[in-house]
Amino acid sequence: MSSKLKETFTPSEAPAPAPAALAAKVRTLAPSMTRSMQRVAETVAGDPAGCAALTVTGLAERTGTSEATVVRTSRLLGYPGYRDLRLALAALAAQQAAGRAPAVTADIAVDDPIPDVIAKLAQEEQQCLADTAAGLDTAQLESAVSALAAARRIDVYGVGASSLVGQDLAQKLLRIGLIAHAHADPHLAVTNAVQLHSGDVAVAITHSGRTTDVIEPLRVAFERGATTVAITGRPDGEVAQYADFVLTTSTARESELRPAAMASRTSQLLVVDCLFIGVAQRTYESAAPALSASYEALAHRHDPRPRHR
């Protein structure tokens, strides 16, 4: 396989983020922005009331950028255009003027009672799953499933919260008889990626699409000829350049407290389950006995009765 970089995917349109999520969106995306776009994003997040009163020309002048930069920044933040961003800024300014309690997440304030927290988090999780399901490219998913089902060996890369998702995928595949390993250590990941070749599959999990410790082993696997899959919230991120198949997760519901971890992990786990079920369907004749054997081998560990020697 050629080491030439793939063309990145154009992200599909998603619902605009809620006004209260704007600051989290800026923190998450700012590192991947140009310096001029960062100035626009940080300005609107820092002074929503003042910026809501500005035209696109006025905001461009205030930030020392261009009107085109303002529009591009608006779209990167999840708004169809600058008009939509202005409406969100006005709503955010109104919330702040009303003295709303500080936000812990986009919808949860520090003084919300526990029943409200439960209900709001449940709603966020449901929305996150719905957004991810709606945005998944079924052709890409089916191709990834086919590659995994036929793979000689599968490596999964992820760090931080994504490493937990990677372990979940590897364990699921192991239980249906596939050779799969999750690598959270970046050095070990690259060392293993060097051993991959055609017929193997490498899966990278990164919400931001720019996690170096995940991109590097995927790049190595890609250059070695392995089939590569990226599970990411940013299909236009660097990780997609080294992925044969890109599976996009939801980015619309991010947390103020933890901008990526809560929403990204939920959507990543949905994609992992879709991959697992798809592979289990394709390999049912061997997967079913393997799964049954693993259940039988572990059954005694779940039996509270003492075992007799």
Side-chain angles (χ1 to χ4, degrees), residues 9 125-126 128-158 161-184 189 192-193 195-207 214 217-218 221-222 225-233 235 239-240 243-250 263-303:
F9 288 79
E125 298 291 306
Q126 291 170 10
C128 178
L129 293 173
D131 290 346
T132 297
L136 267 179
D137 186 321
T138 55
Q140 295 276 311
L141 179 63
E142 288 179 356
S143 296
V145 165
S146 296
L148 289 169
R152 179 188 70 92
R153 165 182 160 183
I154 300 161
D155 276 12
V156 186
Y157 314 125
S162 295
S163 72
L164 302 176
V165 179
Q167 291 175 35
D168 183 66
L169 174 59
Q171 289 173 10
K172 280 181 165 69
L173 296 176
L174 279 169
R175 293 194 70 175
I176 58 173
L178 276 67
I179 300 175
H181 303 282
H183 303 288
N192 278 270
Q195 308 304 321
L196 300 181
H197 52 70
S198 178
D200 299 325
V201 176
V203 181
I205 306 174
T206 164
H207 176 69
V214 174
L218 191 73
F222 181 81
T227 298
T228 52
V229 180
I231 300 175
T232 180
V239 71
D244 294 304
F245 309 114
V246 178
L247 305 177
T248 306
T249 57
S250 170
S264 66
R265 190 162 59 248
T266 299
S267 53
Q268 287 169 354
L269 287 169
L270 172 61
V271 174
V272 160
D273 281 349
C274 289
L275 287 171
F276 169 70
I277 293 299
V279 172
Q281 289 176 321
R282 300 286 180 91
T283 62
Y284 184 78
E285 290 188 2
S286 59
L291 191 59
S292 177
S294 69
Y295 274 125
E296 184 176 347
L298 295 172
H300 71 279
R301 296 185 176 275
H302 303 287
D303 189 342

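- When side chains are defined from C-beta on, D244 counts as touching F222, because their heavy atoms get closer than 4.5 Å.
- Every residue two or more places apart in sequence or in another chain that forms a side-chain hydrogen bond (donor to acceptor under 3.5 Å, both in side chains) with S146 is listed here: R282.
- Judged by distance alone, the side chain of Q140 and the main-chain N or O of L247 form no donor-acceptor pair under 3.5 Å.
- In this structure A221 satisfies the side-chain contact (heavy atoms from CB on, under 4.5 Å) test together with Y157, A193, L196, A202, A226, T228, sequence neighbours excluded.
- For the atom pair F276 CZ and L169 CG, the distance stands at 9.5 Å (nearest 0.5 Å).
- The structure places CG of D155 at 10.5 Å from CG of L218, a figure rounded to the nearest 0.5 Å.
- Note that CG of D168 and OG of S163 are 11.5 Å apart. Values are rounded to the nearest 0.5 Å.
- A 4.5 Å side-chain heavy-atom check between T227 and F245 finds at least one atom pair inside the cut-off.
- Listed here is the closest heavy atom pair of V214 and G158: CG2-CA, 3.8 Å.
- Under the side-chain contact (heavy atoms from CB on, under 4.5 Å) criterion, L270 pairs with L129, T132, A133, C274, sequence neighbours left out.
- Nearest heavy-atom pair, V156 versus G166, reported as atom, atom and distance to 0.1 Å: CG1-CA, 3.6 Å.
- Between atom CD of residue Q167 and atom CG of residue L164 there is a gap of 6.0 Å, rounded to the nearest 0.5 Å.
- For the pair V201 and V229, the tightest heavy-atom approach, listed with the atom from each and the gap, is CG1-CG2, 4.2 Å.
- Qualifying side-chain hydrogen bond (donor to acceptor under 3.5 Å, both in side chains) partners for S162, counting only residues two or more places apart in sequence or in other chains: Q268.
- Listed by chain and number, the residues in a side-chain hydrogen bond (donor to acceptor under 3.5 Å, both in side chains) with R175 are S294 (sequence neighbours excluded).
- In this structure, the side chain of T206 does not engage the main chain of T232 through any donor-acceptor pair within 3.5 Å.
- Closest heavy-atom contact between D200 and Q195: OD2-O, 4.2 Å.
- Two residues are said to be in side-chain contact when any heavy atoms from C-beta on lie closer than 4.5 Å; H207 and V165 fail this criterion.
- Between L136 atom CG and D131 atom CG the span is 11.0 Å, to the nearest 0.5 Å.
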Sequence neighbours excluded and cut-off under 3.5 Å, please list the side-chain donor-acceptor pairs for residues 176-184, or say none.
none

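- Taking the side chain as every heavy atom from C-beta outward, I231 and L275 approach each other to under 4.5 Å.
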